Amino acid sequence: MQLAQRLDRISEPQTIKMAKLSRELKSQGLDVIDLSLGEPDFRTPQHICDAAVQAMADGYTKYTPVAGIPELRQAVCTKLKRDNGLDYLPENIVVSTGAKQSLANAVLSLINPGDEAIIPTPYWVTYAALVSLSEGKPIFIHCGIESDFKLSAEKLAAAITDKTRLFIFSSPCNPTGSVYTREELAALVAVFEKHPNITIISDEIYEYINYNGQHESIAQFDSIKERVVVVNGFSKGFAMTGWRLGYIAANKDLAQACEKLQAQFTSGTNSIAQRAAVAALLGDLTPSMAMVDAFKERKDYVIKNLARIDGIKINNPAGAFYAFPDISSFFGKTDGTSVMNTAEDVAMYLLHKGHVTVVDGAAFGSPNNIRISFATSMDNLIEATKRIKYALDLLK
Ligand code: PLP
């Protein structure tokens, strides 16, 4: 069968590939610890599940308005005001089948062939794929561990051309866990103020998983708010990955564009999940906060133990649930059988020698790193960090 050329512009996400490999090895009876996953290992809080059960009992099982049910669009506005001090109306909100679809709607609505989209690296895999699918050109700006993987105003200004149409970033960041402070965002905003044609997609899906307290949104800067697209969702903060729910807050024109696309793609996300989402946003946040406490304890353990391994350079993530160590000092080393030339070699070596799945940093535009998720139990993490140390210490 002849498939469309657009498929050649994207590849299967490395994260999904590693998770698949891990499942395969597990099914062969190997005791593999999977640290490749980007999903909380907690259950969705009970009151959210109860709301879904009630929706079904009420017969709430039909098509909904494409952009989301009115109660949910209003609940998103309430949340944005309560948590972020942001004023939006329901007409600014579009609810989608996951933040991934929200991002896809926004990128497809904004990028014409040949347009440039600036993406600071390390970045979440899907951003570049969506820009390429839209026939735009991703422009990567390298941000190293020395700046906590954050972008400076100088680097941003230097990357802007007259073709720049979009800027996409996440804070807290997947894969680095970096969180931009208000001052750091203000410096970027000062650059954007000089370039009114650039739209900013601010992926805030890890908002609640923040170890330092205050989350800052770039939409809080009035001078650029009209051209910021806030992307958020339920997968991480409410442990609702399988429910497939995300949303944007944006100016009305873009919201309508996303709704128009979505009307052709999905007709909107499922009715039951939307009722559950209202309960998530307006209900008790204690279970979410308890989850974050557990992530913090695990983060402290994992970072402390990885930092002790000779040859590893690591930052202390302020958010999300990943460690992103630089393992380039192992390049050129061998255990006597295989030589480590790339982060992918190290990831495969850890899988085969240590039975631990991690993700090659090249997938995030950072070929000197690997991503290690701590969204798994403390017992798994204790064992996995031991195995990683054992395997890396063998490399000479
Ligand atoms: N944005 C980032 C940075 C992510 O890490 C993820 C999921 O891994 C998403 C968006 C997509 O989330 P959702 O499950 O809502 O599609």
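Both ligands and their constituent atoms are indexed starting at 1 by order of listing. Given the structure is predicted, the values throughout are model-derived calculations rather than measurements. In what follows, residues are counted from 1 in the order of the sequence shown.
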Using distance alone, with no hydrogens and no angle criterion, decide if [X] and [Y] have a side-chain donor and acceptor under 3.5 Å apart.
| X | Y | value |
| --- | --- | --- |
| N251 | K225 | no |
| Q54 | D58 | yes |
| Y211 | K296 | no |

Taking the six-membered ring of Y60, is NZ or CZ of R275 closer than 6.0 Å to its centre and within 45° of its axis?
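Flagged: R275 positioned over aromatic ring of Y60.
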Establish, yes or no, whether the cationic atom of R182 lies under 6.0 Å from the six-membered ring centre of F221 and within 45° of the ring axis.
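Positive - R182 is close enough to the ring of F221 and near enough to its axis.
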Would you tabulate the polar-atom pairs, meaning N/O of ligand 1 against N/O of the protein, with distances under 3.5 Å, reported to 0.1 Å?
unit_1   : atom_1 : unit_2 : atom_2 : d
ligand 1 : 1 (N)  : D203   : OD2    : 2.6
ligand 1 : 5 (O)  : N174   : ND2    : 2.7
ligand 1 : 5 (O)  : Y206   : OH     : 2.9
ligand 1 : 8 (O)  : K236   : NZ     : 2.6
ligand 1 : 14 (O) : S235   : OG     : 2.6
ligand 1 : 14 (O) : R244   : NH1    : 2.8
ligand 1 : 15 (O) : A99    : N      : 2.7
ligand 1 : 15 (O) : S235   : OG     : 3.3
ligand 1 : 16 (O) : A99    : N      : 3.1
ligand 1 : 16 (O) : K100   : N      : 2.9
ligand 1 : 16 (O) : R244   : NH2    : 2.8

State which residue, out of D34, L30, V358, I33, fulfils the side-chain contact (heavy atoms from CB on, under 4.5 Å) condition with S22.
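When D34, L30, V358, I33 are each tested with S22, the side-chain contact (heavy atoms from CB on, under 4.5 Å) holds only for D34.
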